> 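Quick one: structure below, then a few questions.
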Amino acid sequence: MSGPGCPTRCCSFPAVQKRLPVLRWLPRYSLAWLQLDVIAGATVGLTVVPQALAYAEVAGLPVQYGLYSSFMGCFVYCLLGTAKDVTLGPTAIMSLLVSSYAFHDPVYAVLLTFLSGCVQLAMGLLRLGFLLDFISCPVIKGFTSAASITISFNQVKNILGLQGVPRQFFLQVYETLRRIGETRAGDAVLGLSCLLALTGLGAMKSGLGRAAGAEPLCTRVSYCIVWTSATARNALVVLCAGLLAYSFQVMGCQPFTLTGRIPRGLPAFRVPLFSKVTHNGTVPFSRMVQDMGAGLAVVPLMGLLETVAIAKAFASQNDYRIEPNQELLAMGLTNLLGSFVSSYPVTGSFGRTAVNAQTGVCTPAGGLITGALVLLSLAFLTSFFYYIPKAALAAVIICAVTPMFDAAIFRTLWRVKRLDLVPLCVTFLLCFWEVQYGIVAGVLVSGLLLLYAIARPPMKVSTQGELVVQPGSSLHFPAAEYLRDTVCKHLQAAPTPGSVVLDCRHVSSVDYTAVLGLAELLHELRKQGLALTLCGLQDDVLRTLLAAELQEFEHFSSWQVAGETGPAAQCASPGIGRSGCSELTCQEEEM
């Protein structure tokens, strides 16, 4: 067995710490940390239980699946997560995606969780987190803003007590407006009251400062009561609505639409079903995968994007660092193991993470308390969930997703860069039709704009005896013809063109197609009796051009030097052209 100071143990322990971040903070864990983690975990637990029930409704699944999805991430992230504040569980965005790709079928939802976990785990092991960089901010903002409206309006039917309203957004709007006369007064009054209460408590929470230690005891106790009520407002409102519904039930009348019976007990630990038995026969695994289609890419990518973005935001705010690829591993294993307990796909929750951070959590151990509260709710409290009115849960969802709509982003992009409004608006509008179409179209439009910038780099052109053309970025194959056309167009417009100078100070790379384009331009200018001189070449670009062995290739340190030196002293590349001197010799002569 290796001794305490052996090199193998010293080298391997940091590697184990990298894969199990819990080993970094557990040896230093203190009683003071435990106290804060318990408070934070309990506070988040009071938030997650009512939200989990509500988000299952958004996903189109029985409400118990929200609770099934809420505890596995708490335990896995405690071991593998690198952000102390992040909590994993069901969210509004992920629930909307599950509704689109799982067809309101628990078998499809659980299989989607398993496959998403496999994809995320593979991305983490292969260190493919950089792929998330290709989803631009306008696409994300367009999606989340559209999702905010879609999810909110989806809950209007529960506020009004309407049944049988379709889930497709435009049909939903039409059907809700057509049947608004069927509104149940009890649900409407309760739903609006819950919305007002949640909004008021949220505003109260935003306006609260910090209680000073020198304040009288009664003041600090009052502050604690107000702060707790505002922080746990979701649980408080749902509890009060449930007690009200129970009171009416005891009196023999029920003006509210209730959640209904929820199976009691913990979910069975079992392998996800890879086929589905229906009255028409068995749907095989291949057909289920085909049905889910683009969801197998969209769901894991959006889940990772949401989690990593939240983790980075709170890491920056609270002065610590995260490891994105380790976050991918934590997410992947959470969904993989979650599928064995009937979870639907989960991701990081911004709202609950904010509660966690504001409560003063010290380590990811706070998630253990949150997970334990969810398990206790499943084991002992499901019979009480029967009396929770759907209008109260709808109010919780609407208040949770309303801040996701970012109206200011439209004004900001109009002021900063109007072209970025194109992918934003494309994503925003198409997400009302189908979520996957909006996201895919937004990514494609962003990619086209990126390719357009590469194909049409800025060209600064000036005429000072010579025609000086200065590309504003690197030259790659889509820009080769554009450079040639720019030079030819300005030569035709110039009264007496002398020579052409290509100022490459901003060009950091060039590919073979662009080199061929330069060779054609050299040949064309030579037929017109004109010379093409390149200057300000960076080392990598110069090395590429020298390797291509362009005929009569001339280069100088700057275009001013090229103009001052004149044709008699022009320096060509080694072995090519008139002088045969090297770049170093050329630079020494110029000095």
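Any value given below was found using the heavy atoms of this structure, including those in side chains, with hydrogens, waters and symmetry copies removed. Here the structure is a predicted model, which means the values were calculated and not measured.
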> Kindly write out the residues that satisfy salt bridge (charged side-chain N to carboxylate O under 4.0 Å, His left out) with Lys141, not counting sequence neighbours, or none if the list is empty.
Asp406
> Any side-chain heavy atom of Pro62 within less than 4.5 Å of one from Tyr68?
no
> List in chain and number order the residues that pass salt bridge (charged side-chain N to carboxylate O under 4.0 Å, His left out) with Arg321, two or more places apart in sequence or in another chain; answer none if no residue qualifies.
none
> What residues form a ring-ring contact (aromatic ring centres under 6.0 Å, His included) with Phe143, not counting sequence neighbours?
none
> Can you name the closest pair of heavy atoms from Gln254 and Ala245 and give their distance?
NE2-O, 3.0 Å
> Flag the pair Leu244 / Cys240 as yes when at least one side-chain heavy-atom distance between them is below 4.5 Å, and no otherwise.
no
> Name all pairs fulfilling the ring-ring contact (aromatic ring centres under 6.0 Å, His included) condition that reach into residues 72-94, sequence neighbours left out, sorted by first residue then second.
none
> Provide the full list of ring-ring contact (aromatic ring centres under 6.0 Å, His included) pairs with a residue in residues 330-355, sequence neighbours left out, each pair given once.
Phe269-Phe340, Phe314-Phe350
> Identify all side-chain donor-acceptor contacts of residues 42-58 below 3.5 Å with residues at least two apart in sequence or on another chain.
unit_1, atom_1, unit_2, atom_2, d
Thr43, OG1, Ile39, O, 2.7
Thr47, OG1, Thr43, O, 3.2
Gln51, OE1, Arg352, NH1, 2.8
Glu57, OE2, Asn158, ND2, 3.4

> Whether the side chain of Ser446 engages the backbone of Gly442 through a donor-acceptor N/O pair (distance < 3.5 Å, no angle test) should be reported.
yes
> Asp187: what forms a salt bridge (charged side-chain N to carboxylate O under 4.0 Å, His left out) with it, not counting sequence neighbours?
Arg184
> Please find the pair of heavy atoms, one from Thr82 and one from Gln326, that lie closest to each other, and give the distance.
CG2-CG, 3.5 Å
> Quick check on side chain to side chain donor-acceptor pair (under 3.5 Å): which of Thr334, Thr347, Thr91 does Thr307 satisfy it with?
Thr347
> In a table with atom names and distances, give each donor-acceptor pair under 3.5 Å that connects a side chain of residues 107-114 to protein atoms at least two apart or in another chain.
unit_1, atom_1, unit_2, atom_2, d
Tyr108, OH, Asp291, OD2, 2.7
Thr113, OG1, Ala109, O, 2.9
Thr113, OG1, Ser343, O, 2.8

> Can you check whether Pro267 reaches Leu378 side chain to side chain, under 4.5 Å on heavy atoms?
yes
> Any side-chain heavy atom of Ile310 sitting closer than 4.5 Å to one from Glu306?
yes
> List the residues meeting ring-ring contact (aromatic ring centres under 6.0 Å, His included) with Tyr246, not counting sequence neighbours, and say none if there are none.
Tyr387
> Counting C-beta onward and ignoring hydrogens, is there a side-chain heavy-atom pair between Pro166 and Tyr174 closer than 4.5 Å?
no
> Kindly indicate whether the side chain of Thr382, heavy atoms from C-beta on, has any atom under 4.5 Å from the side chain of Gln64.
no
> Suppose we screen for side-chain hydrogen bond (donor to acceptor under 3.5 Å, both in side chains). Which residues come up paired with Asn234, at least two apart in sequence or across chains?
none
> For Gly191 versus Ala395, what's the shortest heavy-atom pair and its separation?
O-CB, 4.0 Å
> Specify the closest pair of heavy atoms between Leu97 and Val298, including all atoms of both residues, with the distance to one decimal.
CD2-CG1, 4.1 Å
> Is Phe134 close to Val443 at the side-chain level, that is, under 4.5 Å between some pair of heavy atoms?
no
> The criterion is salt bridge (charged side-chain N to carboxylate O under 4.0 Å, His left out); which residues satisfy it with Asp105, sequence neighbours excluded?
Lys276
> Using a 6.0 Å cut-off, check whether atom OH of Tyr320 has over 12 heavy atoms from anything other than its own residue.
yes
> Where is the tightest heavy-atom contact between Ala311 and Glu327, given as atom of each residue plus distance?
CB-OE1, 4.2 Å
> Using the ring of each side chain (for Trp, its six-membered ring), is Phe432 parallel, tilted or perpendicular to Phe428, with breaks at 30° and 60°?
perpendicular
> Taking distance alone, no hydrogens or angles, what donor-acceptor pairs closer than 3.5 Å link side-chain atoms of residues 146-154 to residues at least two apart or in another chain?
unit_1, atom_1, unit_2, atom_2, d
Ser148, OG, Val401, O, 2.8
Thr150, OG1, Ala146, O, 2.8
Ser152, OG, Ser148, O, 2.7
Asn154, OD1, Lys157, NZ, 3.1
Asn154, OD1, Gln172, NE2, 2.8

> Out of the candidates Arg24, Arg19, Lys312, only one should pair with Glu323 under the salt bridge (Lys or Arg N to Asp or Glu O under 4.0 Å) rule; please name it.
Arg24
> Measuring from Leu61:CG to His104:NE2, what's the distance to the nearest 0.5 Å?
8.0 Å
> Below 4.5 Å, heavy atoms only, C-beta onward: do Asn325 and Leu329 meet side chain to side chain?
no
> Can you tell me if Arg179 uses its side chain to pair, donor with acceptor, with the backbone of Gln163 under 3.5 Å?
yes
> Could you label the plane-to-plane angle of the Trp25 and Tyr29 rings as parallel, tilted or perpendicular, counting under 30° as parallel and over 60° as perpendicular?
tilted
